[in-house]
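Input: a single structure, listed below in structure tokens.
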Amino acid sequence: MTPHHRDIAHLGNIELFTDKFEESYWFFNDLLAMREVGRAGDSVFLRTWDDYENWSIKLTPRAASGVGLVAHRAASPEALERLVASIQAAGLGGSWQDGEFGVGPSFHFTDPDGHPMSVYYETEWYQASDDKPALKNQASRFPGHGVNARRLDHINYLAANVEENAKFSAEVLGLKDSELIRLDNGRTAAHWFRFGQKSYDLVYSADNLGASGRLHHIAFAPDTREDILKAADIFLENGIHIESGPHKHTINQTFFLYVYEPGGNRIEFANAGARLLLAPDWQPVVWSETERKKGQAWGMQTISTFHTHGTPPIDVPDEH
């Protein structure tokens, strides 16, 4: 059974591991203005203010930081059936499991690089209590403090083999690609995929250290570029390491800021402006190695740690 484009509706939720749990909790809860909505064992569930589902991030203490299970919501029960059949036919294994905290039955599997994933359809919508919004067409009240992260935007995985994971994204999950980087040796350095009309939702970047199963970053969407500029000041005042930005990406043109949360996971704040891919016959834009060496859109060179830092961490001499 072949999945259709848009069988995956959106990125649902992400489990993040951190070796500095209390500090990471402070980062997400206080600085990003995410709301705690539940706990299970040592883990805490947090949500951004306009994600319609119950939770966005599951923060879990671990000896090493990194990414755990990443869940995607299917567009319909039939879409979920097609996705599960496709995953099983690809030999990626997997099994049905009970969903967590308001999420229905979920099919768990791993991508070719070993990242744990799941797909689900049944879900509970968030019911605001003391955070009821003035406008009933948003999920909860605007927090009005910190970064005010509105929703999860995308995830970028590090992978030992980008091509293999790109094939998986297209053929197994039914995703469309928007842009990619092709090196002089013919290899793909990074590949951007989309679930719908957003320019990207899932990215695979080459792990230059040759490891598998690592995280490059997760991204949150604030409302405007100005929110990202204010976020940079908030992080500066609170001692959060700013890795790169604020600036504008060449690829997909998002306005960005990258920081490390206290556990070392790279977090991006991304604003795409009004850019959507509306063409049904969009052809992926291919960037050459020479073009990428020109840097970001306004000329800033990509910082070296962008090609080495990931979680779980691997020791790299003189990374900073």
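All residue numbers in this chain count up from 1 along the given sequence. Everything quoted here is computed from the prediction, not taken from an experiment.
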May I ask you to check whether His247 and Gln296 show a side-chain donor-acceptor distance below 3.5 Å?
-> no
Specify the closest pair of heavy atoms between Asn148 and Pro143, including all atoms of both residues, with the distance to one decimal.
-> OD1-CB, 3.5 Å
Does NZ belonging to Lys248 count more than 12 external heavy atoms closer than 6.0 Å?
-> yes
Any side-chain heavy atom of Asp227 sitting closer than 4.5 Å to one from Asn271?
-> no
Smallest heavy-atom separation, Pro61 atom then Asp42 atom, equals CD-O, 3.3 Å
Check: His191 ring centre within less than 6.0 Å of Tyr157 ring centre = no
Decide yes or no for Phe269 and Val147: does some side-chain heavy atom of the first lie under 4.5 Å from some side-chain heavy atom of the second?
-> yes
Looking at side-chain heavy atoms only, is the closest gap between Arg150 and Phe220 below 4.5 Å?
-> no
Is the backbone N or O of Tyr121 less than 3.5 Å from a side-chain atom of Thr123, with the two atoms forming a donor-acceptor pair by type?
-> no
Within a radius of less than 6.0 Å around CH2 of Trp298, do more than 12 heavy atoms belonging to other residues, nucleotides or ligands occur?
-> yes
Heavy-atom distance under 4.5 Å between the side chains of Phe21 and Thr60, does that happen here?
-> no
Search all heavy atoms of Ser178 against all heavy atoms of Arg194 and return the closest pair with its distance.
-> CB-CD, 4.3 Å
Compare all side-chain heavy atoms of Ile14 with those of Ile155 and state whether any distance is below 4.5 angstrom.
-> yes
Carboxylate-amine/guanidinium proximity below 4.0 Å for Arg82 and Asp7 = yes
Among His10, His154, His72, whose ring pair (Phe, Tyr, Trp, His ring centres under 6.0 Å) with Phe195 holds?
-> His72
Pair Phe306 + Tyr258: ring centers closer than 6.0 Å | yes
Charged N to carboxylate O under 4.0 angstrom, Lys132 versus Asp130?
-> no
Could you tell me whether Arg292 atom CZ has more than 12 heavy atoms of other residues or ligands within 6.0 Å of it?
-> yes
Exercise: identify the closest heavy-atom pair between Ala166 and Phe193 = O-CZ, 3.5 Å
Donor-acceptor pair between Thr18 and Ser24 side chains, under 3.5 angstrom | yes
Shortest non-hydrogen contact from Ala221 to Asp153?
-> CB-OD1, 3.9 Å
Test item: Ile218 and Ile267 side chains (from C-beta on) under 4.5 Å apart, heavy atoms = yes
If you draw the axis of the six-membered ring of Tyr25, does the NZ or CZ of Arg39 fall within 45° of it and under 6.0 Å from the ring centre?
-> yes
Aromatic contact, Tyr204 with His216 (centres under 6.0 Å) = no
Test Arg62 against Asp19 for salt bridge (charged side-chain N to carboxylate O under 4.0 Å, His left out), laying out the working first.
-> CA-CA 5 Å; Arg62 282 285 176 89; Asp19 62 353; over 6 Å; no
Cation-pi check, Arg47 to Tyr126: give yes when NZ or CZ is under 6.0 Å from the six-membered ring centre and within 45° of the ring axis, no otherwise.
-> yes
Is there a side-chain contact between Glu179 and Pro284 (heavy atoms, below 4.5 Å)?
-> no
List the steps and the verdict of salt bridge (charged side-chain N to carboxylate O under 4.0 Å, His left out) for Lys176 and Asp201.
-> CA-CA 10 Å; Lys176 298 292 187 182; Asp201 300 275; over 6 Å; no
Side-chain contact test, heavy atoms from C-beta onward, threshold under 4.5 Å: evaluate it for His108 versus Pro116 and give yes or no.
-> no
Can you check salt bridge (charged side-chain N to carboxylate O under 4.0 Å, His left out) on Glu289 and Arg182, steps first, answer last?
-> CA-CA 6 Å; Glu289 188 171 335; Arg182 183 160 293 140; over 6 Å; no
